[in-house]
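Worksheet: one structure, shown below.
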Amino acid sequence: MAEASVTISERAARRIGEILKVEGDGAMLRISVEGGGCSGFQYKFDVERAQAEDDLLIARDSAVVLVDPASVPFLAGSEVDFVDDLIGASFRVVNPNATASCGCGTSFSI
């Protein structure tokens, strides 16, 4: 699996690094795709300390992100960004595979 299949923006890397620093040594952010949400699939973000052998590992600055092999095809070509606006602060996945998404941006369909 190529690292280029999912990218992390500079803003997202900075925020992920801040989160992982608080979590302590060995912490990594796992991004996965699960069934559910108002559009069919939803993104899930978890802090983990264990990397599976077949995980996609993306490292940028102090951010370390894991993606499980089942989620990689859903996220291929995506960029994970961090947005802090009037609605609130959140990670946003800019996913070229999504044909529709909900208003909050946490679920999508293909």
Side-chain angles (χ1 to χ4, degrees):
M1 287 182 276
E3 272 193 41
S5 66
V6 181
T7 58
I8 307 297
S9 74
E10 183 180 340
R11 286 185 304 240
R14 187 172 32 246
R15 182 63 183 131
I16 292 166
E18 291 168 0
I19 292 167
L20 297 181
K21 184 177 179 180
V22 171
E23 292 292 328
D25 290 342
M28 298 169 275
L29 181 71
R30 177 173 296 280
I31 302 173
S32 56
V33 174
E34 297 182 340
C38 50
S39 294
F41 295 100
Q42 60 188 1
Y43 303 110
K44 184 175 178 191
F45 298 88
D46 293 301
V47 174
E48 276 197 21
R49 298 198 183 293
Q51 176 186 354
E53 189 175 303
D54 55 355
D55 279 340
L56 171 66
L57 180 119
I58 306 154
R60 179 171 182 173
D61 304 325
S62 59
V64 179
V65 177
L66 303 173
V67 181
D68 64 89
S71 298
V72 168
F74 293 103
L75 293 168
S78 295
E79 180 184 48
V80 178
D81 195 11
F82 182 75
V83 180
D84 190 357
D85 56 22
L86 292 174
I87 298 172
S90 64
F91 288 106
R92 298 254 168 90
V93 179
V94 180
N95 189 337
N97 305 304
T99 57
S101 63
C102 67
C104 61
T106 60
S107 69
F108 66 100
S109 61
I110 293 182

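Source: prediction; values computed, not measured.
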* Asked: Are any side-chain N or O atoms of R11 and backbone N or O atoms of F82, one a donor and one an acceptor, separated by less than 3.5 Å?
  -> yes

* Asked: With sequence neighbours excluded, what pairs up with R14 under the side chain to side chain donor-acceptor pair (under 3.5 Å) test?
  -> none

* Can you name the side chain to side chain donor-acceptor pair (under 3.5 Å) partners of S32, sequence neighbours left out? -> none

* **Test item: V6 and V72 side chains (from C-beta on) under 4.5 Å apart, heavy atoms** => no

* Is there a side-chain contact between L57 and L66 (heavy atoms, below 4.5 Å)? -> yes

* Asked: Looking only at heavy atoms, what is the nearest atom pair of V33 and S71, with distance?
  -> N-OG, 2.9 Å

* If you look at every heavy atom in A13 and A63, which pair is closest and at what distance? -> O-CB, 3.6 Å

Let me confirm one number: the [atom1]-[atom2] distance from [X] to [Y], rounded to the nearest 0.5 Å.
X: L75; Y: I31; atom1: CG; atom2: CD1; value: 7.0 Å
X: E48; Y: D55; atom1: CD; atom2: CG; value: 7.5 Å
X: I8; Y: I58; atom1: CD1; atom2: CD1; value: 5.0 Å
X: L20; Y: R49; atom1: CG; atom2: CZ; value: 9.0 Å
X: E10; Y: D81; atom1: CD; atom2: CG; value: 10.5 Å

* **side chain to side chain contact (heavy atoms under 4.5 Å, CB included) between V65 and V80, worked out** => CA-CA 10 Å; V65 177; V80 178; over 6 Å; no

* To do: Applying side chain to side chain contact (heavy atoms under 4.5 Å, CB included), run through V93 and F45 and close with a yes or a no.
  => CA-CA 11 Å; V93 179; F45 298 88; 4.1 Å; yes

* To do: Check step by step if side chain to side chain contact (heavy atoms under 4.5 Å, CB included) holds for I19 and F91.
  => CA-CA 12 Å; I19 292 167; F91 288 106; 4.0 Å; yes

* To do: Any salt bridge (charged side-chain N to carboxylate O under 4.0 Å, His left out) involving residues 16-29? Give me the pairs, sequence neighbours left out, ordered by first then second residue.
  => R15-E18

Looking at residues at least two apart in the chain, or sitting in another chain, which of them share a salt bridge (charged side-chain N to carboxylate O under 4.0 Å, His left out) with [X]?
X: E79; value: none
X: R60; value: none
X: D84; value: none

* side chain to side chain contact (heavy atoms under 4.5 Å, CB included) assessment of Y43 paired with N95 -> CA-CA 11 Å; Y43 303 110; N95 189 337; 3.1 Å; yes

* Asked: If Ile, Leu, Val, Met, Phe, Trp and Tyr residues are connected whenever their side-chain heavy atoms lie under 4.5 Å apart, and connections chain through other members, are V94 and F74 in the same group?
  -> no

